[in-house]
Amino acid sequence: MKLRPGSAAGFTLLEIILAVGIGVIFMGGAVVFLSTTGGDRELIQARKMLEEEAGVARENALGSGQIQRIRLDGSAVAGKEFPAEVELEVITPQDRALNRRGWAKPENYQWLITGGGLVEPIRVRLRRDGNAEIFSFSALTGESVTEKAERAR
């Protein structure tokens, strides 16, 4: 902003356009950030549900020495629904034995945890609105391990 003798104070048209342009860029970035964070939050919540069920079942298996089963469905774990529109897909050891490599929605799949605390090693993909989270469960510890993300289909 230049002030000349005898002229009124104010911004030039170029300065106003530049300020508005910068504001639009920041607002666009905020919209993208907020829209992806919401979907990720739902996936994180669904993953925690799976991890908690696995942890409780493993503790029960170790304490009782009895096999524990967790029922997995396309949108629920142990009868508890996942957050809005989160879909579950798995690859099980049985799929691998039959040379099936693709993801499948489980329908009343019984996920096993042995009396010794060993967890059936499954691969899990949670999807929602183009976002995906892929992880697997360690057979020995029952802990989840994040895998390299694939492009969601």
Side-chain angles (χ1 to χ4, degrees), residues 14-153:
L14 182 61
E15 290 170 329
I16 293 172
I17 290 173
L18 186 62
V20 169
I22 291 171
V24 167
I25 291 171
F26 280 120
M27 293 299 283
V31 167
V32 169
F33 174 75
L34 292 174
S35 67
T36 58
T37 305
D40 293 344
R41 207 170 325 146
E42 304 291 340
L43 293 177
I44 290 168
Q45 188 177 356
R47 180 175 178 162
K48 284 182 182 178
M49 288 175 66
L50 269 168
E51 290 171 340
E52 287 173 8
E53 287 296 326
V56 168
R58 187 166 186 268
E59 286 178 23
N60 290 342
L62 287 169
S64 68
Q66 301 289 318
I67 291 175
Q68 301 292 309
R69 298 176 195 279
I70 301 172
R71 188 181 61 148
L72 300 178
D73 292 305
S75 61
V77 57
K80 298 174 189 170
E81 292 289 322
F82 287 130
E85 300 175 12
V86 173
E87 295 178 352
L88 170 71
E89 298 172 318
V90 296
I91 298 176
T92 66
Q94 183 180 12
D95 292 332
R96 290 184 190 133
L98 296 172
N99 209 21
R100 292 188 296 226
R101 300 280 180 211
W103 295 98
K105 286 187 181 181
E107 291 184 27
N108 198 24
Y109 180 76
Q110 301 294 315
W111 184 26
L112 294 175
I113 294 151
T114 69
L118 295 176
V119 177
E120 180 181 16
I122 62 172
R123 289 184 68 206
V124 176
R125 178 168 68 178
L126 296 169
R127 296 191 312 157
R128 181 179 186 267
D129 295 336
N131 295 332
E133 176 139 2
I134 300 172
F135 54 98
S136 58
F137 284 88
S138 167
L140 295 177
T141 64
E143 294 179 6
S144 66
V145 179
T146 302
E147 298 181 12
K148 182 179 176 185
E150 298 174 351
R151 186 180 173 125
R153 295 176 197 154

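Basis for what follows: all heavy atoms, side chains included, without hydrogens, waters or symmetry-related copies. Throughout, numbering of the chain's residues begins at 1 and tracks the sequence.
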Just verifying a value: how many Å separate [X] [atom1] and [Y] [atom2], rounded to the nearest 0.5 Å?
X    : Y    : atom1 : atom2 : answer
R125 : E89  : CZ    : CD    : 4.0 Å
I70  : Y109 : CD1   : OH    : 11.0 Å
E51  : I44  : CD    : CD1   : 10.5 Å
E107 : R71  : CD    : CZ    : 11.5 Å
R47  : E42  : CZ    : CD    : 16.0 Å
L50  : Q45  : CG    : CD    : 12.0 Å

Taking all non-hydrogen atoms of both residues, which atom of [X] and which atom of [Y] are closest, and how far apart?
X    : Y    : answer
I122 : P93  : CG2-CD, 4.1 Å
I91  : W103 : CG1-CE3, 3.7 Å
A132 : L43  : N-CD1, 3.9 Å
L88  : A76  : CD2-O, 4.2 Å
T146 : F135 : CA-CB, 3.9 Å

Spell out, as yes or no, whether a donor-acceptor pair under 3.5 Å connects the side chain of [X] to the backbone of [Y].
X    : Y    : result
R58  : I113 : no
W111 : E120 : yes
D73  : N108 : yes

Handout entry: Neighbour count above 12 (heavy atom, 6.0 Å) for E143 CD
Key =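 For E143, atom CD is not crowded (no more than 12 foreign heavy atoms under 6.0 Å).
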
Practice task
Under the side chain to side chain contact (heavy atoms under 4.5 Å, CB included) rule, what do E85 and D129 come out as? Steps first, then yes or no, please.
Solution key: CA-CA 8 Å; E85 300 175 12; D129 295 336; 3.6 Å; yes

Exercise for the section: Please examine the side chains of M49 and P83, heavy atoms only from C-beta on, and report whether any two atoms are closer than 4.5 Å. Expected result: yes

Problem - Side chain proximity check, R41 to R128, heavy atoms < 4.5 angstrom - result: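 No, every pair of side-chain atoms sits at 4.5 Å or beyond.
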
Practice task
Output, in order, the C-alpha distance, side-chain angles, deciding distance and verdict of salt bridge (Lys or Arg N to Asp or Glu O under 4.0 Å) for E53 and K80.
Solution key: CA-CA 10 Å; E53 287 296 326; K80 298 174 189 170; 2.7 Å; yes

Practice task
Take E87 and K105, measure what salt bridge (Lys or Arg N to Asp or Glu O under 4.0 Å) needs, and give me the verdict at the end.
Solution key: CA-CA 8 Å; E87 295 178 352; K105 286 187 181 181; 3.6 Å; yes

Distance-only donor-acceptor pairs under 3.5 Å for side chains of residues 59-67, two or more places apart:
residue : atom : partner : partner atom : Å
N60     : ND2  : V56     : O            : 3.4
S64     : OG   : N60     : O            : 2.8
S64     : OG   : Q66     : N            : 3.1

Exercise for the section: Look at E52 together with K48 and state whether they make a salt bridge at an N to O cut-off of under 4.0 Å. Expected result: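 Salt bridge absent between E52 and K48.
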
